[in-house]
**Student:** 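Quick one: the structure is below, questions incoming.
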Amino acid sequence: MSTLAFDPERVEALRRRMEMAVAELRSMRSDDPVAAAALHRVVVATEELEEVWLPFVARLTDSVALLLPGDRRAIGHLDNALAWVMTKGYGWTAATDPLASGPVDPATARALGARLSAIDPVTLSRDSGAMTELTRALRQVAADGRLADDLLRNWTSLARFADVLGDVRSRAMVHDPSVTADRQAIDGVFAQLAQVLSASSMDPLPLLDRLSPFTAASMAAALDLDDDQLARVTDGVVRRAGLVEDAVLEFRGRPRAADLLLPLIAARPHAARALAMLSAGHADDLLAAATDRTAVYRLLLEATDPRVMTVADAGKVVPQMVVEFVRGGVVDDAAFVADLITPWTAQFAAGNHDWPLSEEERHGLLAAAMQDSDALARFVHNVDAVLRAATEHFRTATYDTKVELTSYVGMIGDIVMNGKLREESDKRRGWNLLAGAASIGASLITGVAVGLMATAAVMYLTWKTAPNPHKAAHAAIWNQDVELTMLAAAQVHALDHQLRVEGSIPASMPLPPRADPNRVGGMPSMGFIEAMGPWIRQLPGGEDGTISLKMQQAMFMYINPADSEIRGMEYVRGR
Amino acid sequence: MSTSPASLLRDRARSLRGLADRLDQLEVLGLARLADEDTWMGPSPARCHDALTSMRRRLLDEADELRRTASRFDRSADALALAPVAVA
C-alpha cells in the first residue's frame, strides 16, 4: 500500500472534465466500416475512463481520504519530499492510494491509525469505496501483530469510531432512511477490526467495556473470544444495554445488543453456563436486554442443565434466578421457573445439603416458585424430566440417601397436594409424579420394577394429609422417624404388591404389617421392624430366601434397628 | 445528389475527416495535461497520467489513420472521375 498527495480543487476539476469526456466519447458515431477501428479505440478509452480512472478520481474527491492532510506521520514514508511540501504549504491532501495493492508497512499502519482518529465515521460509512479500502487495509494489518500494534497505538479515537459506526449499523438494520451506509460493508470493517484486535497485543475486553452496548456486541461477535470472555462481555453488554436501550434505542425499534450475542452464547454451552453464573443475580436484565424472551429462557435452561453445570454451580445460579424471576412477577416466567428447577428438585428437599441454603430457604424458594398455578402445571408436565433427574441424583449419591429420599418424596407430595392443580389431566400428572418419586427408592433396589408404586404413594399421602393431632406435638426427630418408617412401609407394600402380581407371593400369604405413626412406647421405625420379623419368616423361601432378602432391602433402605435406636435415644433426650 | 462511385467515395472521405476532426478535439485529449504533477503525485496518479497520455496518442493516431483513409478515398474518386465511361 502506498500513499498519494493531491490538490483537491484540481482533482475535482479533473473529475468534471473526465465526466464530460466520457459523455462526449459516448456520443461518437460513424456508419462507415473503415471507422470501426477508430470507434473501437473510442469504446476502449470510454471504458477505461469509466471503470478505472473516473472512480479513482471520484474516490479522492467524494470520499474521505484515509490519511490526514498535512500530517507528517501520514505521509512520512512518501519518497517524494515534494508531497510533504505540497500538503504542508499548499493545501494538498494526502491519502492512501485506492489503487495501490502493495503491502502495508509500519509507517502506513501508523498513518492509517492517525487518519482514522480524525475521520468522520459517518462520512466514511457512506463511501463504499473507502469502506472497501479500509477493510482491505485492516485485513493486511491484521495479518501482522506488529502492524496491528502500530495501527492501534495511533488510533486514539478507536472507541468513538467504533461507536459511531456501530450506531450507523444499527440504524441501517432498521432501514433508517437517513442512513445510506451498506450494513455489510460496516460488518466487513468490524470483522477486520476484530481481527486486528485479536492480532495485536492489546486486551480487547477493556475496549469493549468502553463501547456502547450495540457496538460492543457487534465487535464481540466478530472477535474470537473464548467461552468465559464471551460470557463476560455479554454480561457487561446486558447490564449496560438495560440502561441505554430501554431509554432510547428500543423506542426507535432498533435491534438490541443482546440479540447479537445471545445466539452465539446459545451455541456454546460452556459460555452459556458462564453467562448464567455471571447474570444469576440480575437475570431480569438479561430478559430486558433481549427482544426474544423465549430465547433467553432456552439459553438459561441449557446453561443450567446438569450435563453442563455442576451441582455446586447450580447452587449459586438456580436459587438466585428463582428469586429474580418470582420477584419479577412476569406470567411467562412462572413456567420458566418450573423448567429451571425441574432438573434440580432433589436439591430443594429438606434432607439435601448440596447447596449452601438452609432448609427454610429451600422451602421458601420452592413455595415461591410453585405459588403460581401455571408454574405448578408446568412442573407436573415435566414429570419425566423431574423423575429422571431425581433418580440420577439418588443413584449417584455417595452418601446414605434414605433421609433425603424421604424428605424428597414428602416435598413432592406437598407440591402436588397443595390444591393448585385445577385440570384433571394435571392432577393425574401430579399423581404420577408423586408415585414416581415414591418409586425412586424401589428403583435403587435391584430387581424391583419401577412404576408400581401407586400403593406406596397412597399410603404415604394418607399419612401426610390426614389430620394427626400428635404430629404437630412431636419433635422433629420423631417426625423424621415417622416419615422414614412410612416410606419403608410404602416400599415394602409396593414390593409385596408387585411380587403377588408376578405370583412369587401366594394370595394366601398375609399382607405386610402396617406402620403405626402414633406408636406408644418406642420409635415407629422400631415398631415396624419388629412387626416385619414374623411376616418375613412366613415368606416363600423363609427368612433367608430371595424374597425375604428383597423385602429387607426395601425396608433397610430407610430404616434399620441401629438408626432407630439412636433416634430413640435422641428423642428421649430432647423431650 | 450524385450517387456515382466517385462522389460516394468523396462523401465517405468527408465523413471520415469529420470524424477525425472530432477525435482531434475530444475533451479526453486534454485530460493528461490536467492529470500531471501540478494536480497530484504518487504511483496511481502517475499511472493515470500515463494512461491518459497513451489514450490521447492512440486516439490521435486513429484520427490520422482516418485522414489517411479519407485521402485514399479522394484519390480513388479522382481516378474514377478521370477514367473513360464504360459503354454498355
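This structure is a prediction, so every number in the text was calculated from the model and none was measured. Convention: sequence-line order gives letters A, B, ...; per-chain numbering from 1.
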**Student:** Compare all side-chain heavy atoms of B:L52 with those of A:L49 and state whether any distance is below 4.5 angstrom.
**Tutor:** yes
**Student:** For B:L66, is it the side chain, the backbone, both, or neither that has a heavy atom closer than 4.5 Å to a heavy atom of chain A?
**Tutor:** side chain
**Student:** Take a 6.0 Å sphere around CZ of B:R33 and say whether it holds more than 12 heavy atoms from other residues, nucleotides or ligands.
**Tutor:** no
**Student:** How about CZ on B:R68, more than 12 heavy atoms from neighbouring residues, nucleotides or ligands closer than 6.0 Å, or not?
**Tutor:** yes
**Student:** Please flag which part of B:T39 lies under 4.5 Å from any non-hydrogen atom of chain A: side chain, backbone, both or neither.
**Tutor:** both
**Student:** Mind ranking A:V34, A:D31, A:V44 by heavy-atom pairs under 4.5 Å with chain B and telling me who comes out on top?
**Tutor:** A:V34
**Student:** Would you say B:L26 and A:M28 make side-chain contact, with heavy atoms under 4.5 Å?
**Tutor:** yes
**Student:** Examine whether an atom of B:L16 lies under 4.5 Å from a heavy atom of chain A, and if so say whether it belongs to the side chain, the backbone or both; otherwise answer neither.
**Tutor:** side chain
**Student:** Need one label for B:D64: side chain, backbone, both or neither, based on atoms under 4.5 Å from any heavy atom in chain A.
**Tutor:** neither
**Student:** If you look at every heavy atom in B:R22 and A:E24, which pair is closest and at what distance?
**Tutor:** NH2-O, 4.5 Å
**Student:** Determine the minimum heavy-atom distance between A:A45 and B:M55, stating which atoms define it.
**Tutor:** CB-CG, 3.5 Å
**Student:** For residues B:P45 and A:F6, determine if any side-chain heavy atom of one lies less than 4.5 Å from a side-chain heavy atom of the other.
**Tutor:** no
**Student:** Quick one: closest heavy-atom pair of B:R12 and A:P33, and the distance?
**Tutor:** NH2-CD, 4.2 Å
**Student:** Are the side chains of B:L23 and A:V42 in contact, using a 4.5 Å heavy-atom criterion?
**Tutor:** yes
**Student:** If you count the non-hydrogen atoms of other residues, nucleotides and ligands that lie under 6.0 Å from CZ in A:R26, is the total more than 12?
**Tutor:** no
**Student:** Do the side chains of A:R10 and B:D36 get nearer than 4.5 Å, heavy atoms only?
**Tutor:** yes
**Student:** Please walk me through it: do B:E27 and A:L25 pass side chain to side chain contact (heavy atoms under 4.5 Å, CB included)?
**Tutor:** CA-CA 8 Å; B:E27 188 77 35; A:L25 287 168; over 6 Å; no
**Student:** Can you name the nearest heavy-atom pair linking B:S44 to A:W53, along with the distance?
**Tutor:** O-CZ3, 3.9 Å
**Student:** Are the side chains of A:M18 and B:C48 in touch, meaning some heavy atoms are under 4.5 Å apart?
**Tutor:** yes
**Student:** Show the nearest heavy-atom pair for residues B:L19 and A:R29, with the distance to one decimal.
**Tutor:** CD1-O, 3.9 Å
